[in-house]
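Step one of this worksheet: look at the structure below.
Positions are given from 1, in the same order as the sequence printed here.
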Amino acid sequence: GLFLAGVALISVGRVFPPLALFEGEQLMVSRHPTMKPAFARMFLSIPFFAGAWWLFEFTLMPYVYPFAVFVVAMYILFKGAMRYLRNLHITYTVTDSRVVQQYRFLWLNTKEIPTNRIISISEARNLFVIITGRGSVIVSSSVGERQTVRIEDISDPGPVTVSIRKFFD
């Protein structure tokens with residue numbers, strides 16, 4: 001209980017300040033990842049909890065079966081809650097001089113790519129992501145993980161891609 005209260009206080013309090021813009025720098029787009037996948041996983045666990053309760057309460061099956069279904073439900077719920085907490089603390093910002101990914105939870109982790117060093121922009125979507133209206137934009141300045149900012153799970157990634165492609169005009 002104390003751990004969850006501490007997480008809630010850190011989430012609400014936002015220990016780290018938002019991204020500071022330089023003088024003359026203009027904010028073009030600022031996004032957070034969508035919470036749809038996290039909520040979907042958490043809601044997906046409800047039938048498993050109901051099934052575990054039904055197996056435990058209304059059948060004469062050995063207790064191992066309801067327990068196994070309960071463990072599956074807890075795993076799915078935990079994965080959804082972790083995705084929710086991760087998405088809650090990520091901010092993607094596109095300005096006229098840089099593309100920034102910030103992760104702010106117990107520490108501040110920032111990835112920045114100056115716009116004059118961008119060499120590649122790509123959009124990633126699969127069928128399920130297209131149906132739900134989400135997508136990812138990958139911005140690269142060189143080969144390697146540290147030279148890439150993945151703007152993941154955002155709603156309607158088209159305007160973000162267009163705003164980044166304006167740098168090449």
Q. Regarding T91 and Q102, is there a side-chain donor-to-acceptor distance under 3.5 Å anywhere?
A. no
Q: Please name the pair of heavy atoms, one in F48 and one in A73, separated by the smallest distance, quoted to 0.1 Å.
A: CB-CB, 3.4 Å
Q. Would you say F39 and L77 are hydrophobically clustered, going by side-chain heavy atoms of ILVMFWY under 4.5 Å?
A. yes
Q. Using 30° and 60° as the class limits, which term best fits the ring planes of F58 and W53: parallel, tilted or perpendicular?
A. perpendicular
Q.
Please give me the minimum heavy-atom distance between T115 and D96, naming the atom from each residue.
A. OG1-O, 3.6 Å
Q) Got a second to check how far I90's CD1 is from L85's CG, nearest 0.5 Å? A) 11.0 Å
Q | Separation of T148 OG1 from Q101 CD (nearest 0.5 Å) | A | 10.5 Å
Q) When you look at T34 and I154, which way does the side-chain contact (heavy atoms from CB on, under 4.5 Å) test go after all the steps? A) CA-CA 5 Å; T34 182; I154 58 172; over 6 Å; no
Q: Given side-chain contact (heavy atoms from CB on, under 4.5 Å), test N126 with I130 step by step and report yes or no.
A: CA-CA 6 Å; N126 60 32; I130 290 171; over 6 Å; no
Q.
If I compare all heavy atoms of V137 with all of I164, which pair ends up nearest, and what's the gap?
A. CG1-CD1, 4.3 Å
Q: Measure across A38 and G80 and return the closest heavy-atom pair with its distance rounded to 0.1 Å.
A: CB-O, 3.4 Å
Q) To the nearest 0.5 Å, what is the distance between CH2 (W54) and CE (M61)? A) 7.5 Å
Q) With a cut-off of 6.0 Å (strictly less than), are more than 12 heavy atoms of other residues, nucleotides or ligands near CZ of F49? A) yes
Q. Of the non-hydrogen atoms in F22 and E25, which two are nearest, and what is the gap between them?
A. N-OE1, 2.7 Å
Q | E57, CD: over 12 other non-hydrogen atoms inside 6.0 angstrom | A | yes
Q) Does the Y92 side chain pair with the main chain of E152, one donor and one acceptor, at a distance under 3.5 Å? A) yes
(Q) Rounded at 0.5 Å granularity, tell me how far OG in S45 sits from CE in M74. (A) 9.0 Å
Q.
Starting from M28, can I reach I121 by hopping between I/L/V/M/F/W/Y residues whose side chains sit under 4.5 Å apart?
A. yes
**Q.** I138 to A124 - nearest heavy-atom pair and separation
**A.** CD1-CB, 3.9 Å
Q.
Can you tell me how far apart OG1 (T93) and CD1 (I151) are? Round to the nearest 0.5 Å.
A. 9.0 Å
**Q.** Nearest-0.5 Å distance that lies between atom NE2 in H89 and atom CG in N109
**A.** 13.5 Å
(Q) Walk me through whether L27 and V94 qualify under side-chain contact (heavy atoms from CB on, under 4.5 Å). (A) CA-CA 6 Å; L27 178 68; V94 178; over 6 Å; no
Q: Tell me whether V129 is reachable from L44 by hopping between hydrophobic residues (I, L, V, M, F, W, Y) whose side-chain heavy atoms are closer than 4.5 Å.
A: no
Q: Using the rule that two of Ile, Leu, Val, Met, Phe, Trp, Tyr join whenever any of their side-chain heavy atoms come within less than 4.5 Å, decide whether V149 and V29 are in one cluster.
A: yes
Q. Sub-3.5 Å donor-acceptor pair from the side chain of N87 to the main-chain atoms of M35, do we have one?
A. no
Q) When clusters are formed by joining ILVMFWY residues with side-chain heavy atoms under 4.5 Å apart, either directly or through shared neighbours, do I113 and V162 land in the same one? A) no
Q) Can you name the one residue among S140, S141, S120 that meets side chain to side chain donor-acceptor pair (under 3.5 Å) with Q147? A) S141
Q: Give a yes or no on this: more than 12 heavy atoms of other residues, nucleotides or ligands lie within 6.0 Å of atom CZ of R125.
A: yes
Q | cation_pi(R86, Y103) dist<6.0 Å, angle<=45 | A | no
Q: Could you point out which residue of R134, R31, K36 forms a salt bridge (charged side-chain N to carboxylate O under 4.0 Å, His left out) with D153?
A: R134
